[in-house]
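Below: the structure, in structure tokens.
Just so you know, ligand 1 is whichever comes first in the structure, and atom 1 is the first atom listed for that ligand. A quick note: this is a predicted structure, and the numbers were derived from the prediction, not measured. Just the heavy atoms: all of them, side chains too, but no hydrogens, waters or symmetry mates, feed the values below.
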Amino acid sequence: MARFGFRHWLPAFLAITGTSGTFASSHVPRATWPNGPFVTSGRWIQDAAGSTVTYVGVNWPGSLDAMIPEGLQYQSIESIVSRIKGLGMNAVRLTYAIEMIDQYYDNEQTDVTIQKALTDALGQDGGGSVYDKIISNNPSFNTSTTRLEVYDAIAAECAKQEIYVHLDNHVSKAGWCCSPLDGNSWWGDEYFNVDNWTRGLSFMASRGKTWTNLMSMSLRNELRIPLTSASVANTYSWEQWYSYVKQGAVAINKANADVLIFLSGLNSDQDLSPVVNGTALTPGTATFNRDDFSGYGDKLVLELHAYDNIIGPGPSNCTAVEEKLFNTGFKALTDDAANQFPMVLTEFGLVQNGTAAQDPYVSCLLDYVPSRNAGWMIWQLGGSYYIREGTQDFDETWGLLNHDWTDWRSSDFINSSLAPAVKKTFTINNDPDPNSSSPGTSDNESKGANLRSMLTSGLFDLPLPFHTAILATLVVVFY
Ligand SMILES: *[C@@H]1O[C@H](CO)[C@@H](O)[C@H](O)[C@H]1NC(C)=O
Ligand SMILES: *[C@@H]1O[C@H](CO)[C@@H](O)[C@H](O)[C@H]1NC(C)=O
Ligand SMILES: *[C@@H]1O[C@H](CO)[C@@H](O)[C@H](O)[C@H]1NC(C)=O
Ligand SMILES: *[C@@H]1O[C@H](CO)[C@@H](O)[C@H](O)[C@H]1NC(C)=O
Ligand SMILES: *[C@@H]1O[C@H](CO)[C@@H](O)[C@H](O)[C@H]1NC(C)=O
Ligand SMILES: *[C@@H]1O[C@H](CO)[C@@H](O)[C@H](O)[C@H]1NC(C)=O
Ligand SMILES: *[C@@H]1O[C@H](CO)[C@@H](O)[C@H](O)[C@H]1NC(C)=O
Ligand SMILES: CC(=O)N[C@H]1CO[C@H](CO)[C@@H](O)[C@@H]1O
């Protein structure tokens, strides 16, 4: 399709937000987009011109049983990416399973076709029917199209529409995530083989070199205590975390030195505080040291997740939500941090059924995270899965889109919560953009500088009782 630029999406975006004034200044297409590679400078992500980049996007799962990004039996890749663009967002967190790469190596270094992957996951009838629908919505695919070619096509369409791709290793064995019993929890867990993992990270980092818009990769989604084995559970610690994180980071950086590398924490990625505080990575005494990432210390970004269904009901008010986020990692954005990093809240979300859209927890997040100049990505875009936990065509009540991906599940949430938060994120950052002509996003350097210094001055430094990782993980609730 033709380039899907500013003029195309702007009217839809303004209609959604119901305004004609301020909007995301960083979304005006430039000849140089994406202007990578990105680097970090203190708490900021910057493009090659030194301009601040703030990720705002959605999750798009591709790591469930079929190992094909979801939704293609209902919509074309182009129209799904247009949804992301229509919200004014600039990024997608695309998930994949290490098993996809394991199968590539098992299959004489040839990826499995989507036709076979669907039959393997859904059976002959289910797989055949979904395959036919995928081809009818996405006619450039055929019997020889592989899963990796679908990833390539998504990245290409995202590039066309100027959406950054963040690749997320969600699981080792493909499937729904993330219980402490699923064998995917922690290095050495039943399916989480360390060598397969580093091989998979390297492989995807190399593959992504052919994409113009792969800006970053994660090491691993939601690390958690493995309850499948006492001996593996005994290795669940910050000290071990650090040793594996360094291995994973090397694997990505050697294969692709351009991408940013996202570090996720313990307790289902709800804690990175020893890294931020520079305290001991227990049970050892060593502390996080950027020199351990020699030559690419400026490529590291932190990611946290926040759900209110973990440890029972979440904090009941915004002060409590903010304290929790600050103490577990968002302090990285301030001068109080021993180690400053950019921070992206890569998962949070809620049931999209109208009433839940008033959830105070999510409204607090959508206020706080943009106000701290942090990035964010909501879980998740799609309305259904090819198969989840044994159920074909599983309905995703947390999806922004409805079951057949044709419309928003809760347009009220989109209009009154999500789109304004997107707008707020870009407005508050006041990202310098010579091509922006919007009145609401004046390129007022002093305004941006004042705001930034206020936000990083520690004014918001608040104490909080600390939950232990193990307790929280043991009582984790899986929605
Ligand atoms: C089948 O699809 C692949 C991309 O998935 C493409 O490269 C190839 O040219 C297509 N083959 C035919 C015969 O259309
Ligand atoms: C690691 O990958 C190989 C293929 O190279 C596969 O046979 C094996 O099952 C994988 N290991 C795990 C634990 O998944
Ligand atoms: C890190 O500092 C925050 C307060 O800024 C505190 O709440 C948290 O417990 C500290 N964590 C560690 C591991 O030092
Ligand atoms: C906010 O929640 C915290 C803990 O959840 C509680 O201690 C505090 O009193 C609450 N503050 C208000 C203003 O309700
Ligand atoms: C929305 O979903 C939540 C959680 O499943 C449920 O408690 C609530 O009753 C639902 N509300 C409506 C209006 O369906
Ligand atoms: C959301 O905005 C769209 C576009 O302006 C409108 O069509 C839709 O009715 C709105 N939905 C709600 C629930 O207000
Ligand atoms: C920029 O912001 C400062 C402080 O808010 C204000 O005093 C000044 O007039 C603004 N300048 C322009 C050109 O908008
Ligand atoms: C008016 C203006 O500043 N236009 C610029 C928009 O961005 C392109 C690409 O960076 C420049 O070439 C234009 O000069």
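Ion pairing between a basic and an acidic side chain is recognised when a charged N comes within 4.0 Å of a carboxylate O; Arg93 and Asp168 show such pairing.
In terms of protein heavy atoms, atom 5 (O) of ligand 1 is closest to Thr145 OG1, 2.7 Å. In this structure, atom 14 (O) of ligand 1 lies nearest to the protein heavy atom Asn142 ND2, 3.2 Å. Counting only heavy atoms of the protein, atom 7 (O) of ligand 1 lies nearest to Glu149 OE2, 5.0 Å.
A cation-pi arrangement, defined by a distance under 6.0 Å to the six-membered ring centre and an angle within 45 degrees of its axis, is absent between Arg290 and Tyr296. In this structure, Arg372 fails the cation-pi test against Phe326, since its NZ or CZ atom is not both closer than 6.0 Å to the six-membered ring centre and inside 45 degrees of the ring normal.
Within 4.0 Å of atom 9 (O) of ligand 1, not a single protein heavy atom is present.
Of all the atoms in ligand 1, the ones that sit under 4.0 Å from a non-hydrogen atom of Ser140 are 2 (O). Taking every heavy atom of Ser144 and a limit of under 4.0 angstrom, the matching atoms of ligand 1 come to 1 (C).
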Hey, mind stepping through Thr113 and Thr143 against side-chain contact (heavy atoms from CB on, under 4.5 Å) and telling me if it holds? CA-CA 7 Å; Thr113 63; Thr143 52; over 6 Å; no
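Distance alone, capped at 3.5 Å, places no donor-acceptor pair between the Thr119 side chain and the Gly127 backbone.
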